[in-house]
Asker: 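Following this message is one structure expressed as structure tokens.
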Amino acid sequence: MEVVNALGRRKSAVARVYVSEGTGKITINKRDLAEYFPSTILQYVVKQPLSTLGVEEKYDIKVNVYGGGFTGQSQALRLAIARALVKINADDKKALRAEGFMTRDSRIVERKKPGRPKARRRFQFSKR
């Protein structure tokens, strides 16, 4: 099997994933998964597509991720891994879609409007 690549986005985070056959090692920006995401919850989010299909120990994954915060990056990474797994085996798409891993979450930060302190917040109104 050659290297399969995929792209995942969430908020302003972008994750590029390169999947090859191996022993289950996940490297993010040249660092180990546990080192890059110390939180076990975020590690769980990243591994969700792999554990759904039961292939945690089958593939080595190299990742370049930038932009956003740690939550957005982990969810962008989850989408990218799911897309790469579908490129490897198209039959897995139904199981991943049922779990919601194939859908790009399009919610992003709303822009700040002029004459307001934030996107929707207004300055305090004074009657007198």
Side-chain angles (χ1 to χ4, degrees):
M1 179 189 117
E2 73 284 351
V3 177
V4 175
N5 66 324
L7 184 78
R9 292 189 184 99
R10 171 76 171 98
K11 291 186 177 183
S12 60
V14 180
R16 288 190 173 86
V17 167
Y18 303 93
V19 179
S20 58
E21 282 186 9
T23 59
K25 188 168 168 46
I26 300 175
T27 309
I28 306 169
N29 292 350
K30 297 179 181 172
R31 288 157 61 190
D32 188 54
L33 172 68
E35 188 185 339
Y36 194 84
F37 291 124
S39 167
T40 53
I41 294 164
L42 296 178
Q43 292 176 28
Y44 171 74
V45 167
V46 169
K47 291 179 181 177
Q48 273 180 314
L50 297 167
S51 57
T52 301
L53 301 176
V55 293
E56 296 100 326
E57 308 297 313
K58 197 174 176 186
Y59 300 112
D60 281 347
I61 301 172
K62 284 180 117 176
V63 184
N64 294 328
V65 65
Y66 62 90
F70 48 82
T71 304
Q73 286 188 350
S74 65
Q75 292 173 2
L77 184 47
R78 176 175 69 184
L79 175 63
I81 290 171
R83 285 179 172 173
L85 291 173
V86 168
K87 278 186 181 178
I88 293 168
N89 185 3
D91 299 335
D92 297 334
K93 187 170 185 175
K94 190 172 182 181
L96 292 171
R97 178 159 308 282
E99 294 290 326
F101 302 146
M102 294 302 296
T103 307
R104 200 282 203 206
D105 193 344
S106 62
R107 294 175 296 170
I108 56 168
V109 177
E110 191 173 333
R111 79 175 200 88
K112 184 195 170 298
K113 314 300 188 304
R116 295 188 187 172
K118 292 168 72 176
R120 298 196 176 193
R121 174 98 174 93
R122 289 164 168 80
F123 290 111
Q124 185 172 342
F125 176 73
S126 174
K127 197 173 256 188
R128 285 173 197 85

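As a basis for the values below, the full set of heavy atoms in this structure was taken, side chains included, without hydrogen atoms, waters or symmetry mates. Counting from 1, the numbers follow the sequence of the chain as shown.
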Asker: Linking I/L/V/M/F/W/Y whenever any side-chain heavy atoms sit under 4.5 Å apart, do L96 and I26 land together?
Answerer: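 Per the 4.5 Å side-chain linkage, L96 and I26 are co-clustered.
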
Asker: Which atoms form the tightest heavy-atom contact between K112 and R116, and what is the distance?
Answerer: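 So the minimum-distance heavy-atom pair works out to NZ-O, 2.7 Å.
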
Asker: If two hydrophobic side chains count as joined below 4.5 Å and joins carry through other members, does L77 share a cluster with L79?
Answerer: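 No, it is not one cluster - the side chains of L77 and L79 are not joined through contacts under 4.5 Å.
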
Asker: Return yes when atom CD1 of I108 has more than 12 non-hydrogen atoms of other residues, nucleotides or ligands closer than 6.0 Å, and no otherwise.
Answerer: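 Open.
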
Asker: Is it the case that one hydrophobic cluster holds both I81 and M102, taking links as side-chain heavy atoms less than 4.5 Å apart, direct or via other members?
Answerer: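 As far as the 4.5 Å side-chain criterion goes, M102 and I81 are connected within one cluster.
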
Asker: Can you name the closest pair of heavy atoms from A119 and R111 and give their distance?
Answerer: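 Scanning both residues completely, I find the closest heavy atoms to be CB-O, 3.4 Å.
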
Asker: Under 3.5 Å, side chain of K62 to main-chain N/O of V17, donor-acceptor pair present?
Answerer: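 No.
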
Asker: With a 4.0 Å cut-off on N to O distance, would you call D60 and K25 a salt bridge?
Answerer: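 Looking at D60 and K25, the cut-off is not met.
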
Asker: To the nearest 0.5 angstrom, please state how far the CG atom of L7 sits from the CZ atom of R16.
Answerer: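 Going from the CG atom of L7 to the CZ atom of R16 covers 5.5 Å.
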
Asker: So do the side chains of I28 and L33 get within less than 4.5 Å of each other, counting heavy atoms only?
Answerer: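 Yes, close enough: below the 4.5 Å cut-off.
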
Asker: Flag the pair R10 / R107 as yes when at least one side-chain heavy-atom distance between them is below 4.5 Å, and no otherwise.
Answerer: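 Yes, side chains in contact.
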
Asker: With a 4.5 Å heavy-atom cut-off, do S39 and F70 have their side chains touching?
Answerer: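 A side-chain contact under 4.5 Å is absent here.
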
Asker: Between N29 (side chain) and R31 (backbone), is there a donor-acceptor pair under 3.5 Å?
Answerer: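 Side chain of N29 to backbone of R31: no pair is present.
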
Asker: Please tell me if the side chains of T27 and V63 come closer than 4.5 Å, counting only heavy atoms from C-beta onward.
Answerer: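 T27 vs V63: side chains apart.
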
Asker: So, for V45 and Q75, which heavy atoms are closest and what is the spacing to 0.1 Å?
Answerer: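 Heavy-atom minimum between the residues: CG1-CG, 4.2 Å.
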
Asker: Measuring from D32:CG to Q43:CD, what's the distance to the nearest 0.5 Å?
Answerer: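 Output value for this atom pair is 8.0 Å.
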
Asker: Who pairs with R120 by side-chain hydrogen bond (donor to acceptor under 3.5 Å, both in side chains), at least two apart in sequence or on another chain?
Answerer: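 R120: side-chain hydrogen bond (donor to acceptor under 3.5 Å, both in side chains) contacts with E110.
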
Asker: Does some side-chain heavy atom of V3 sit less than 4.5 Å from a side-chain heavy atom of V19?
Answerer: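 Not touching, per the 4.5 Å side-chain cut-off.
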
Asker: Can you list everything that forms a side-chain hydrogen bond (donor to acceptor under 3.5 Å, both in side chains) with R78? Sequence neighbours excluded, please.
Answerer: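 Here the qualifying residues are Q48.
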
Asker: Closest heavy-atom contact between G8 and A80?
Answerer: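 Looking at all heavy atoms of both residues, the shortest contact is N-CB, 3.5 Å.
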
Asker: Show, in sequence, the C-alpha distance, side-chain angles and deciding distance for Y66 and Q73, and conclude whether the side chain to side chain donor-acceptor pair (under 3.5 Å) test is met.
Answerer: CA-CA 7 Å; Y66 62 90; Q73 286 188 350; over 6 Å; no

Asker: Taking all non-hydrogen atoms of both residues into account, name the closest pair between A84 and A6 and its distance.
Answerer: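 Closest heavy-atom pair between A84 and A6: N-CB, 3.6 Å.
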
Asker: Does a side-chain heavy-atom distance below 4.5 Å link R9 with R104?
Answerer: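 Yes, side chains in contact.
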
Asker: To the nearest 0.5 Å, what is the distance between CZ (R121) and CZ (F123)?
Answerer: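 Between R121 CZ and F123 CZ, I get 9.0 Å after rounding to 0.5 Å.
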
Asker: Check whether any side-chain heavy atom of L85 lies under 4.5 Å from a side-chain heavy atom of F101, and answer yes or no.
Answerer: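 No, too far: nothing below the 4.5 Å cut-off.
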
Asker: Group every Ile, Leu, Val, Met, Phe, Trp and Tyr by side-chain heavy-atom contacts under 4.5 Å, then state whether Y59 and Y18 land in the same group.
Answerer: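 No, separate clusters.
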
Asker: Shortest non-hydrogen contact from L53 to A95?
Answerer: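 What the structure gives for the nearest pair is CD2-CB, 4.2 Å.
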
Asker: Counting C-beta onward and ignoring hydrogens, is there a side-chain heavy-atom pair between Y36 and V65 closer than 4.5 Å?
Answerer: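 SC-SC contact between Y36 and V65 confirmed.
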
